[in-house]
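So the structure is just underneath, and the comments pick up after that.
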Amino acid sequence: MVWTTTPWTIPANVAAAVNTKEEYLSYDFGKGKVWVMVKALTGLTGQGILPKNQTGFQTKLGSKLVGWGYEGPFDGLPRVKKSLGDFKHKVVGGDEQILPVSSEEGTGLVHIAPGAGTEDFQLGKKLGLPVIEVIDEGANYLEDLGEFSLQNAKNNPEIIIKYLQKKDGGKFLLKTQKYTHRYPACWRCKTELVWRVVDEWYIAMDKPSKSKVKNQKFKLKTEKNTEEGDGRIYREQIKDVAKKINWRPKWALDRELDWLNNMHDWLISKKRFWGLSLPIWECKKCGNFEVVGGKDELKDRAVEGWDKFAGHSPHRPWIDQVKLKCSKCNQVISRIPDVGNPWLDAGIVPFSTMSEDWFPADFITEGFPGQFKNWFYALLTMSTALKQTNPFENILGFANLVDEQGKPMHKSSGNSIEFNEAADKAGVDVMRWLYVTANPEIDLKFGYNVTDEIRRRFYLIFWNCYKFFVDRANVDSWTCELERGEMTALDKWVLARLTEVVLTVNKSLERYDGATASRAIEEFVVNDLSTWYIRRVRDRVGPSADKKDKNLVLGVLYGNLVTLSKLLAPFMPFISEEIYQNLTGDLSVHLTEYPLGDKNLLDKQLIADMKVVRAIVEKGHATRKDSGIKLRQPLAGLVYQTDTQLSKQLEQIIAEELNIKKVEYKKSSTARIAIKLDTKITLNLREEGQARDLIRQIQQMRKEMGLTLLDYIEIEAPDWPKKYENMILKSTVAVKISKADTAGIKKLAK
């Protein structure tokens, strides 16, 4: 007794599979006897398929049932009879790797139809079972299937059930019932799919090449081919070509090799009308087939139909008019009706779209899910056949684009975002930055929350760096020609770091590694230029700053921004264009040379020392926080320990950053950094802290009133430390401070 969830496949049945290691029993249920797996009996009686409390079982091991014959309900149909030939339905053993037989579902015997199922076909191929083809590509029953012919197998499953109910008094059908199970469906339209067997055309992977093309003469020993002079199999040739390519990510090569190691022969035909027609003419008389290499050859060999094809592309129906003469038996032969797999076209892109002197291509990119067995594979396969070499030098594969919850985006799911809408709402520069900074190995989450984060994380910070420079340059009418002061360690450091980033970006882009390049730029802009350099030089470009030093800082910022706009041009073309044009007055950033970096500005020791400075500062801020002391409150001193003392300029940066009066060094035997902060607050320090608190309040008021650096004010305050009055006035661009009940400011007329 066998069961199936696909009654339309029963006419294609040729065998029943058992588990050769399990016990089976003969079960008498009144109408007759059936054989089922012992382990399946409880489930069958529990569902009411078989009656309970039967006795007198006869049992046999599954291996003893193998070879038993049986008759099928559709054996009288002409197509079934022709396909079976002398073969008789029989019991066969299942296969643990191909088609395991268990008691988890059904009866412990499996219906085998090699013409209607993947596993069935594989088992049938192993055991030499015949194939009964019963449906066409529209799931309609084929001719010579009696009353079923031309009826749709999927839309009318009841026709098989009704036939079985009537056939020989219903002896072939025991029971039908509703059963919920998984079934394959089209991912686009959700229509249920059916499996059918058809004749197709393949390119063999494991046969030595017999081609006479010079670049395919590859006479080497291989594991499967040890005789001297034998050609290597196609699979091994492709694998060697794949190894010549720089794959990103690195594991992508292993994935491609895994596909090449395990793939079957390459299916190259499609049962369609549209598509490039396969140039194969087959002789029905002697079985020979001819492959035509091009239009010129086809014209020379055509014996009829060339006039109907001339002037047309090699598509149906025109190509089908051309007839050739079989080279073996002189029979007039026609082209096979199949068209080519689209990947055949995709595989010849390096030859069909590029001039020969451009071959191989420098770079290709595509999402890697699926492409290891599709485009990447097709390119490798075609290039191996035609040139025995790689069709491209570098490849970047990337994962999928998904929604913010990590789910695939589809219109049917309601979570897809149309590109133009996203570009308008998120901004194309922001979208591009999201893509280029992402790890290509991981699915990229896309949505407006994600793009907003990118905007905050980098885009606005970069724009604010530019705005900081423009605001201060405009106040002082700054130009590149103004006299400048001497560079400090901080100025030299930011130029050294920028140079380091330029070199990293160039090196990464040469390897087609956009993620490393873009992340290096972002880290520099956010952590170095904005968070460290610009924050440290605010006083040096303020109203009371030294003019030459101010010109120097603005010059350093100008150089950074111009260089960054060039670096960013391939990544964020619009904001980089806006900044570059405004800063330089030139036509376009995209018409300039890409920065290569001035190695004379590179100072690795200074870069390393500044890392120590920032580590000390980080520890100092943590100590202040733990002690509950605000940064505006000056402290007397700090002692740091490490293996090497920093320069006085760098120690001064620590003092200014942590609001410390004195920084001292104590030598350590290791590079490990330790600090000791003097947290004792004297009266003088307390008063200076009060002054800095008042300065912060006044600056906040200026900001709330929308005042610029050109706007002078008058301050009112209940109290302030008199010894720090000048510091308060300079820091707030104020001309006067007077007593009042509450703190406030007044804008003065110009």
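Counting begins at 1 with the first residue of the sequence. The structure presented is a predicted model; accordingly, all values stated were derived computationally and were not measured.
Classification of the Y512-F363 ring pair by plane angle, with boundaries at 30° and 60°, yields parallel. Ring planes of F148 and Y163: perpendicular class, angle over 60° (limits at 30 and 60°).
For the pairing with W266, the ring pair (Phe, Tyr, Trp, His ring centres under 6.0 Å) check across Y202, W259, Y377 returns one residue only, Y377.
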>> Before you tell me yes or no, could you show the steps for E71 and H89 under side chain to side chain contact (heavy atoms under 4.5 Å, CB included), namely the whole-Å CA-CA distance, both residues' side-chain angles and the distance that decides it to 0.1 Å?
In response: CA-CA 6 Å; E71 60 177 305; H89 298 283; 5.6 Å; no
>> What verdict does the salt bridge (Lys or Arg N to Asp or Glu O under 4.0 Å) test give for D136 and R196, after you've listed the backbone C-alpha separation in whole Å, the side-chain angles of each residue and the deciding distance to 0.1 Å?
In response: CA-CA 8 Å; D136 63 17; R196 71 186 189 101; over 6 Å; no
> Could you walk me through whether K126 and D95 pass the salt bridge (Lys or Arg N to Asp or Glu O under 4.0 Å) check?
Replying inline: CA-CA 10 Å; K126 174 186 174 183; D95 187 293; 2.3 Å; yes
>> For a side chain to side chain contact (heavy atoms under 4.5 Å, CB included) check, start with the C-alpha distance between M37 and V18, then their side-chain angles and the critical distance, and finish with the verdict.
In response: CA-CA 8 Å; M37 187 185 289; V18 297; over 6 Å; no
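The shortest distance between side-chain heavy atoms of Q58 and L25 does not fall below 4.5 Å. Side-chain contact check for K244 versus T389: some heavy-atom pair is nearer than 4.5 Å. Inter-residue side-chain proximity for W281 and C326 is flagged as unmet; no heavy-atom pair is nearer than 4.5 Å. The side-chain heavy atoms of I135 and N140, taken from C-beta on, include no pair separated by under 4.5 Å. In this structure, the side chains of Y234 and K207 stay at 4.5 Å or more apart for every pair of heavy atoms. Contact annotation: the side chain of P317 approaches that of F273 to within less than 4.5 Å [non-hydrogen atoms, C-beta and beyond].
A salt bridge between E23 and K60 is absent, with no side-chain N of the basic residue lying under 4.0 Å from a carboxylate O of the acidic one. Comment: D513 engages R248 in a salt bridge, judged by a side-chain N to carboxylate O separation of less than 4.0 angstrom. Salt bridge status for R235 with D206: present, with a side-chain N to carboxylate O gap under 4.0 Å. E22 has a carboxylate O that lies under 4.0 Å from a charged side-chain N of K39, or vice versa, which qualifies the two as a salt bridge. Salt-bridge formation is detected for the pair D320/R335: a Lys NZ or Arg NE/NH1/NH2 atom is positioned less than 4.0 Å from an Asp or Glu carboxylate oxygen. Salt bridge annotation for D338-K271: present, with a cationic side-chain nitrogen under 4.0 angstrom from a carboxylate oxygen.
Around the CG atom of D199, the shell of radius 6.0 Å holds no more than 12 heavy atoms that belong to other residues, nucleotides or ligands. Within 6.0 Å of atom NZ in K154, more than 12 heavy atoms from other residues, nucleotides or ligands are found, so the atom counts as buried in its surroundings. More than 12 heavy atoms of other residues, nucleotides or ligands lie within 6.0 Å of CD in E393, so this atom counts as buried by the packing criterion. When the shell of 6.0 Å around CD of Q177 is examined, it contains more than 12 heavy atoms from other residues, nucleotides or ligands. In E418, the CD atom is crowded: over 12 heavy atoms of neighbouring residues, nucleotides or ligands sit closer than 6.0 Å. Environment of NZ in K373: sparse, with no more than 12 heavy atoms of neighbouring residues, nucleotides or ligands closer than 6.0 Å. At most 12 non-hydrogen atoms from other residues, nucleotides or ligands lie less than 6.0 angstrom from NZ of K21.
A distance of 11.5 Å separates CG of N156 from CD1 of I161, quoted to the nearest 0.5 Å.
Checked by atom type, the side-chain pair E290/N288 shows a donor-acceptor distance below 3.5 Å. Side-chain contact of T9 with H111: a donor-acceptor pair under 3.5 Å is present, judged by distance alone. Side chain to side chain, T384 and T381 fail the donor-acceptor criterion of an N or O pair below 3.5 Å. Side-chain contact of N13 with Y70: a donor-acceptor pair under 3.5 Å is present, judged by distance alone. Remark: the E404 side chain and the N449 side chain contain an N/O donor-acceptor pair separated by less than 3.5 Å. Judged purely by distance below 3.5 Å, without hydrogens or angles, the side chains of K243 and N390 never pair a donor atom with an acceptor atom.
The minimum heavy-atom distance between V241 and P391, with the atom names listed, is CG1-CD, 4.4 Å. Residue V80 comes nearest to I132 through the heavy atom pair CG1-CD1, 3.9 Å, listed as atom of the first residue, atom of the second, then distance.
For F289 and W201, the distance between ring centers is under 6.0 angstrom.
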